[in-house]
Each structure stands twice: as structure tokens, then as C-alpha cells.
There are 2 protein chains.
Amino acid sequence: MIPPFRLDQCCPSRSLLADLADKWSLMILYVLSHGDCRFNELKRRCEGISQKSLTQSLRRLERNGLVSRQVLDTSPVAVEYRITPMGKDVSTPLKALLSWAYAHSEEVERARAAFDQKTAAK
Amino acid sequence: MIPPFRLDQCCPSRSLLADLADKWSLMILYVLSHGDCRFNELKRRCEGISQKSLTQSLRRLERNGLVSRQVLDTSPVAVEYRITPMGKDVSTPLKALLSWAYAHSEEVERARAAFDQKTAAK
DNA sequence: CGGCATCCTTTTGGATACTG
DNA sequence: CAGTATCCAAAAGGATGCCG
């Protein structure tokens, strides 16, 4: 368990959280949890990501041992990214989080509208 | 369920993901899921966050209906932040994710060391 | 205490061109 | 196809001063 109520900088999960807790990393892991995927297909599936950001995120995920990179010697070259056992592991709570986001998006939308109206009123 | 394999920009969970998937928001929600907390105490518990970032993150969470802000009329003024029912809801998968990060931090550390060594070798 | 406003630096990220 | 390198604009984020 995590020590309650507090997340110190020395807490070992902090640096991992910093690498994992961004939109693209979560999306990439989500996509890869459904199956191996090549670079450009991944780029299409994470709609809106730039090639640069995709490369960076993939390297970071690879460095953390969550994704592996396999170069196939075809011509032209093909590179396949796949989720590692550890990546598969983290994708379980991750999917739960995304499912929640998907299920509650309307409720959140209403909360946003209410907040914006209250804010604008002043 | 989320439509598999793909997360389009039009997907309603995307804008929520963009607001939620950052280090500070996750940490704040985590802390607040353990109980109400005032501004400066929250700042201490999210070690390393600046006042500006904390304010911004709190407003964003409040806007999304995950956190509520209560001004107590004491002197000097006190402001208490608390998690909403919806925030409590999302904190479940969130805690699972953080627990995972905490439990696997050593394994990730090893993966990083191996990757860095392999990379430096070239 | 809990902010907001401002300034300024640092980081991020898109666009583009080029490569094996 | 899957990148790398470079440049540049935009955004994030820290530091500081002020206020109810």
C-alpha cells in the first residue's frame, strides 16, 4: 500500500507517476493493451499525437519496461511495439480509469457547464 | 466500455482525460480521497507543487465536479477542499493505479537502469 | 490563510526537412 | 516506414509582490 495522506518526492512511485501520468502515455498503453501495433498505426489510433511526441512517449514507456520495441527486417523496415507483461499489468487499473472517464463524460460535462456559468456570473 | 483500439479526438473521454491525466491532479485526488484538506496542508502533502499549480489544478478538478471548495468564515479565512461523490468514484481506479506504481517501482527502476545502459553502450 | 497578477525562464510541442 | 535533427511558437511553471 501507499503511505496514506501524503506523496513525498522521495516516494519511489513519484518518478514513475511523473513518467506515466500524461495523456499520451496512458493512451498508448491503452491501445497496445489490445494488441501489438506498428508506429504509424499507433499514430493514427492516438489521434492528434505528433510523430515527435509519439516517439518520445514510446521511448519513455520502453525505458520503464512497459513497452517493447521489435524491429522486423522487412523492406521497408517495420517496427512493432508491444506491451510487456508489466505493461499488461498496469493496463488493468488503467483501463478501469479510462472506462470511468468514458462512462462519466456526460456528468462531467454538466459539471463543467455549471461551473463555467457560476464563474461567468461574477 | 470504451470503443476498443482507438481513442478519437471526438471521443468524449478525451477532454476529461486531458484534464485528469497529469501528475498533480492524480496526487491531489489521491490525498483528498483520504479526507478533507485545506489549501496549505494540501500543498505540503503534494510535496513539490507550487502554489500556482495547486490553485490551477484545484480549479480544474472543481470545474470537472471532482472536488468541491468550501470557504469557512473564520479569521483568518480557511478554505477546505473535499472530494465529491464523483471524485470519490474515480479515486478507486486511481488508487489501484498508484498502488501498482508503488508496488512496481523497484522493477521499473531495474528496467530503467537496463535501458540506460543499453542506450549508453551505443 | 488563501489566494490573484505579473514577470520571466524553462519546457513542451508542432512544423519541416532529411535519412537508412 | 520509422524515425532523427532543427527551428520556432506556445504553454507551463517558478518567483515575487500584493491583497482581503
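Letters go in sequence order (proteins before strands), and every chain restarts at 1. Model, not experiment: these values are computed from the prediction.
- Relative to the side chain of B:K52, the nucleotides D:dG13, C:dC4, C:dG14 differ in distance, and D:dG13 lies closest.
- Remark: P of C:dC1 and CG of B:L58 are 16 Å apart, rounded to the nearest angstrom.
- Candidate nucleotides C:dC4, D:dG13, C:dG2 were compared by shortest atom distance to the side chain of B:Q51, and C:dC4 ranks first.
- With 3.5 Å as the limit, one finds a donor-acceptor pair spanning the side chains of A:R112 and B:S15.
- As rounded to whole Å, 14 Å separates atom C1' of D:dC1 from atom CG of A:D73.
- Checked for salt-bridge contact, A:D8 and A:R14 miss the test: no charged N lies under 4.0 Å from a carboxylate O.
- Distances from the side chain of B:S53 to the nucleotides D:dT4, D:dT16, D:dG14 place D:dG14 closest.
- Between B:R38 and C:dC1 there is no side-chain polar atom (N or O) within less than 4.0 angstrom of OP1 or OP2.
- Between A:K43 atom NZ and C:dG14 atom C1' there is a gap of 11 Å when expressed in whole angstrom units.
- Considering only side-chain atoms of A:Q56, the nucleotide from D:dC1, C:dG13, C:dG2 that sits closest is C:dG13.
- Atom C1' of nucleotide D:dA2 and atom CD1 of A:I28 are separated by 14 Å, given to the nearest angstrom.
- To the nearest angstrom, C1' of C:dG14 lies 14 Å from CG of A:L54.
- Surrounding CD of A:E106 are at most 12 heavy atoms belonging to other residues, nucleotides or ligands under 6.0 Å away.
- Within the 4.0 Å cut-off from OP1 or OP2 of D:dA2, not a single side-chain nitrogen or oxygen of A:R69 is found.
- The side-chain hydrogen bond (donor to acceptor under 3.5 Å, both in side chains) test with A:Y81 singles out one residue from A:R69, A:R38, A:Q70, A:E62, and that residue is A:R69.
- Whole-Å rounding puts the A:D22 CG to C:dT12 C1' distance at 11 Å.
- Residue A:V77 has its side chain nearest to C:dG20 when only D:dG20, C:dG20, D:dG14 are considered.
- Straight-line distance from the CH2 atom of A:W24 to the C1' atom of C:dG13: 11 Å, rounded to whole Å.
- To the nearest angstrom, C1' of D:dA2 lies 9 Å from CZ of A:R59.
- Note on B:Y81: a side-chain N or O is less than 4.0 Å away from OP1 or OP2 of C:dG3.
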